[in-house]
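Structure record follows, encoded as structure tokens.
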Amino acid sequence: MKKTLAEIAALINGTIIGSAELNITGITNIEDAGPGDITFAVPPHIEKAAKCTAAAVVIPDTVEEFPKPAIRVNNPRVAFTTLLALFTPKPDIKPGVNETAVLGTNVKLGANVAVMAHVVIDDNAVIGDNAILYPHTYIGRDVTIGSDTLIYPNVTIRENCQIGSRVIIQSGAVIGSDGFGFITVNGSHQKVPQVGNVIIEDDVEIGANSCLDRATTGSTVVKRGTKIDNFVHLGHNVVVGENCFLVAQTGIAGSAKIGNNVTFAGQSGSAGHLTIGDNCVFAARTAPINDVPANSFYAGFPARPHNEWLRSEAAIGRLPELIKKVRELERRLNKIEK
Amino acid sequence: MKKTLAEIAALINGTIIGSAELNITGITNIEDAGPGDITFAVPPHIEKAAKCTAAAVVIPDTVEEFPKPAIRVNNPRVAFTTLLALFTPKPDIKPGVNETAVLGTNVKLGANVAVMAHVVIDDNAVIGDNAILYPHTYIGRDVTIGSDTLIYPNVTIRENCQIGSRVIIQSGAVIGSDGFGFITVNGSHQKVPQVGNVIIEDDVEIGANSCLDRATTGSTVVKRGTKIDNFVHLGHNVVVGENCFLVAQTGIAGSAKIGNNVTFAGQSGSAGHLTIGDNCVFAARTAPINDVPANSFYAGFPARPHNEWLRSEAAIGRLPELIKKVRELERRLNKIEK
Amino acid sequence: MKKTLAEIAALINGTIIGSAELNITGITNIEDAGPGDITFAVPPHIEKAAKCTAAAVVIPDTVEEFPKPAIRVNNPRVAFTTLLALFTPKPDIKPGVNETAVLGTNVKLGANVAVMAHVVIDDNAVIGDNAILYPHTYIGRDVTIGSDTLIYPNVTIRENCQIGSRVIIQSGAVIGSDGFGFITVNGSHQKVPQVGNVIIEDDVEIGANSCLDRATTGSTVVKRGTKIDNFVHLGHNVVVGENCFLVAQTGIAGSAKIGNNVTFAGQSGSAGHLTIGDNCVFAARTAPINDVPANSFYAGFPARPHNEWLRSEAAIGRLPELIKKVRELERRLNKIEK
């Protein structure tokens, strides 16, 4: 893919700063953008973008001067979305069912589905139009998969789970493994049957080797637009709202309910059986153990408001000095008392 | 599965409170139980059960009044175990070896074994009666698997490992990967051959995508009845006792020896080469770095008695206030000294 | 494998202490060595080795007396490397392509390659001499794999990745999954195409179920001789230097640059977009959030010099006592002021 700045400007209805003949070969965020890439910036990132190594930047038309090639548009975010679609390389994948794939009875395949080598699809599964199943994926009985969904190699989707449209599941992910439910009788742990399922709504992405446990009864749910990174664990009956980010190595214990637009940064977690309000952000390695109200920014373990955590961390840093100071005060007091 | 309260009461030798004709369609714990489910309660959970949304509750016969349908029995835990078996849906799986499975030489299959599509079983492996191997599982050379063991898709069991009876291994788990052993010679890390194995005793469950490394020499062992959640890491030569719980994302470093009935809550861990006594409980995110005596309840990192950890955490919360107080004392002292 | 002490001494040009006829059947480190094993020791570990349960120890020829069978050599580390190679059991694997493997067009296989059952190799992949691909591995389009590389079952290597020679990849690992890159437009997260790859240099080992994300553009890189344990996450565009250790459950966020000979102990991590100097050591559960200079030994979160962390931890332990002391000083001051 190669486009001139002029071609791109025409596509997103913008005006050019710099050479219209400049060639653009890729698209990415400011930090990763290299010499062939176009990126975008809105305040307060305009200055950072001005110094970045990208070939060109899509900026708001309220910015009149810019020190490098740019396209000024009304809404840079919307323009960028258009360009992302343009530059995304479509995998060159031919529809059809590989002769080594094994399909159970009553499997329904939509139009243009690609079922690659050694895929196994069990009885009664329904696969939507244009879905792509890479090698060694397992689709259990009565699973439904929406259209345009992409499943990479070595994924397991267990019986009865429901996967939406335009979902992406990275390699090694497990959808619908048994929840961790036991009842202890005389010191022996008896398994509680896990007869629920997992529902993944449209436009969700699941990272490599992540595990989403099926519900004990009912459903574990990931709502539309949520993006889950690698090694994320969702316990049974967890509900994750829309448009959340769950970054790598995060674990959400059973029956936690997470609102919309919530971010769990890397290596964070949550206790089970609690409720997290909309728009919360949990810093890396944070884990709430109680309900958290909407719009909170929390850090630490147990999680607390980020400002409080910062104050505590600063105070801990001054602790050795404080101990010395108290010792000194005691000496002075001893002297006075004498 | 649908049973009336009367049918269930007959089965567990109990007496009914409420309508004998009430239909029960499922069984689970108090917190997850919904309107069709039966659950159970013993003190101190009777009150909680009285308010739960379950259809009915199995309670001790010492409880004489209860505000919702119930079955009174001598031992609710034992009764509940009976009901769990009754309500557990048996997977409808036909025995036999799928034609796409690949078996090495001298593989021994017990009676009624199900070997599904694309399973690979290497030379000399022995599979017990009624075992179920889902698609894409790999069973290495000289592996033995007990009877009634259930292995979900995409599991790897490497050479020489021994798996007991009634074991359940969730998808993506790896049993017998090489331990992380190297000797550094002139700055270069030389691999120490990992020639031991993994032994998993009867009635163990291993969670999705968990990894149990084989021993350098000898065996990594998980003893009978222990339940391991998703993403758990056992280093080489770890020994886990009977009836333990290792909750999600826990990591046990090499050569740690863990007693019986020990619980590691989520995202916890343990240093290597130490000994954990029986009946210890480690709170979420806790990690011991030294031996821990039996019956300990620990928290924090490095792990310490839970009470101590609570005191420290409370003290940290009061630290900013303490710093102010010391500053004030200093001012007052300055004044006096003048 | 069985060798007498005399045979071994001849091989490494050493002199024997104890019986020349002693049989040695294995080799490992001091801590894991059992009665049939040979191990090695250099100062300050000589005393520990004298008490260990190994059959014999390779020691420096500067040590003149030793209480158990030993071989004295000029350089024990070099001698030990020779013995490791001798005692490492070679897997008995026959070259050839199993009839159930599926190869795309234009795949190039080197000499003596073993492609086992149900392996899938996509178009244009190149596999080096003597490589071993266990069952259910997936090799994507245009992947190159060096000679003598060993890939265990259920591994995924996505398109365009480059794997060096003598690399070992444990089961379930995913190489080249998409990086976690999104741009949020009106609250909706749009995927940033991840069009880079992963480069794994020679002599690297990757642990079971680890995930190395492909770069957004360019490459995620693991340099020669680095050893990665289970459950390690490398974000997009991470660069890990030579001869590093990344121990189990460590996560390195996107675009972090890690020097040579760096150790991340278990359950540690790193923020993204930072630089870690050569020879740094991060204790278990440590995570830097800023650049770290070479030769640092850090602990805690946020990571700080290990000594500082020890001081803070000790101070926290004394905090409840400090609070009491300040209260006492205040009382005494009140008294004086009256």
Taking C-beta and beyond as the side chain, do C:Phe264 and C:Phe245 meet within less than 4.5 Å on heavy atoms? no

Residue C:Arg327 versus chain B: region with a heavy atom under 4.5 Å: side chain

Under 4.5 Å heavy-atom distance to chain B, tell me which part of C:Glu205 shows up: side chain, backbone, both or neither. side chain

I'd like to know if the side chain of C:Asn209 and the backbone of B:Asn209 have a donor-acceptor N/O pair within less than 3.5 Å. yes

Do the side chain of B:Asp291 and the main chain of B:Leu274 share a donor and acceptor less than 3.5 angstrom apart? no

Largest heavy-atom contact set with chain B, pairs under 4.5 Å, which of C:Ala117, C:Pro135, C:Gly266: C:Pro135

Going by atom types only, do B:Arg214 and B:Gln194 share a side-chain donor-acceptor pair under 3.5 Å? no

Contacting moiety of B:Leu322, where chain C heavy atoms sit under 4.5 Å: side chain

Donor + acceptor pair across side chains of B:Thr100, B:Asn98 (<3.5 Å): yes

Can a donor-acceptor pair be found between the side chains of B:Asn124 and B:Asn106 at a distance below 3.5 Å? yes

With a 4.5 angstrom heavy-atom cut-off, is it the side chain or the backbone of B:Thr156 that approaches chain C, or both, or neither? both

Side-chain donor-acceptor pair present, C:Asn295, C:Asn279, cut-off under 3.5 Å: yes

Interchain contact, B:Val192 with chain C, by part (heavy-atom threshold 4.5 Å): both

Is the NZ or CZ atom of C:Arg304 positioned over C:Tyr298's six-membered ring, under 6.0 angstrom from the centre and within 45° of the axis? no

Answer yes when C:Asp148 and C:Arg166 have at least one side-chain N-carboxylate O distance shorter than 4.0 Å, and no when they do not. no

Which of the residues B:Asn154, B:Val195, B:Asn237 is involved in the greatest number of heavy-atom pairs with chain C at under 4.5 angstrom? B:Asn154

Which atoms of C:Ile336 approach chain B - backbone, side chain, both or neither, heavy atom under 4.5 Å: side chain

Checking B:Thr250 against chain C: side chain, backbone, both or neither under 4.5 Å from a heavy atom? backbone

Looking at chain C, which one of B:Asp122, B:Leu333, B:Ile289, B:Asp213 has the largest number of heavy-atom pairs inside 4.5 Å, strictly under? B:Asp213

Do the side chain of C:Gln267 and the main chain of B:Ser268 share a donor and acceptor less than 3.5 angstrom apart? yes

Residue C:Asn334 versus chain B: region with a heavy atom under 4.5 Å: both

Mind ranking C:Asn230, C:Asn75, C:Leu84, C:Asp203 by heavy-atom pairs under 4.5 Å with chain B and telling me who comes out on top? C:Asn230

Of the listed B:Gln190, B:Glu159, B:His233, B:Arg141, the one with the largest count of heavy-atom pairs under 4.5 Å with chain C is B:His233

Quick one: what part of C:Ser171 sits under 4.5 Å from any heavy atom of chain B, side chain, backbone, both or neither? both

Run the salt-bridge test on B:Arg332 and B:Glu328 with the 4.0 Å N-O cut-off and return the result as yes or no. yes

Non-hydrogen atoms of chain B under 4.5 Å away: do they reach the side chain of C:Gln170, the backbone, both or neither? side chain

Does C:Asn74, at its CG atom, have more than 12 non-hydrogen atoms belonging to other residues, nucleotides or ligands within less than 6.0 Å? no

Under 4.5 Å, counting heavy-atom pairs only, tell me which of B:Lys191, B:Lys335, B:His236 racks up the most with chain C. B:Lys191

For B:Leu319, which atoms come within 4.5 Å of any heavy atom of chain C: side chain, backbone, both, or neither? side chain

Interface residues of residues 176-184 of chain B facing chain C - heavy atom cut-off under 4.5 Å: B:Ser177, B:Asp178, B:Phe180, B:Phe182, B:Ile183, B:Thr184

Using the side chain to side chain contact (heavy atoms under 4.5 Å, CB included) rule, take C:Tyr134 and B:Val120 through it: C-alpha gap first, then chi angles, then the decisive distance, then the call. CA-CA 10 Å; C:Tyr134 271 85; B:Val120 175; over 6 Å; no

Side chain / backbone / both / neither for C:Asp37 at chain B, heavy atoms under 4.5 Å: side chain

Counting only heavy atoms closer than 4.5 Å, note whether C:Glu99 contacts chain B via side chain, backbone, both or neither. neither

Name the orientation class of the two ring planes belonging to C:Phe80 and C:Phe40 (parallel below 30°, tilted from 30 to 60°, perpendicular beyond 60°). tilted

What part of B:Glu308 gets within 4.5 angstrom of chain C, counting heavy atoms only: side chain, backbone, both, or neither? neither

C:Lys2 side chain to C:Gly26 backbone, donor-acceptor under 3.5 Å: no

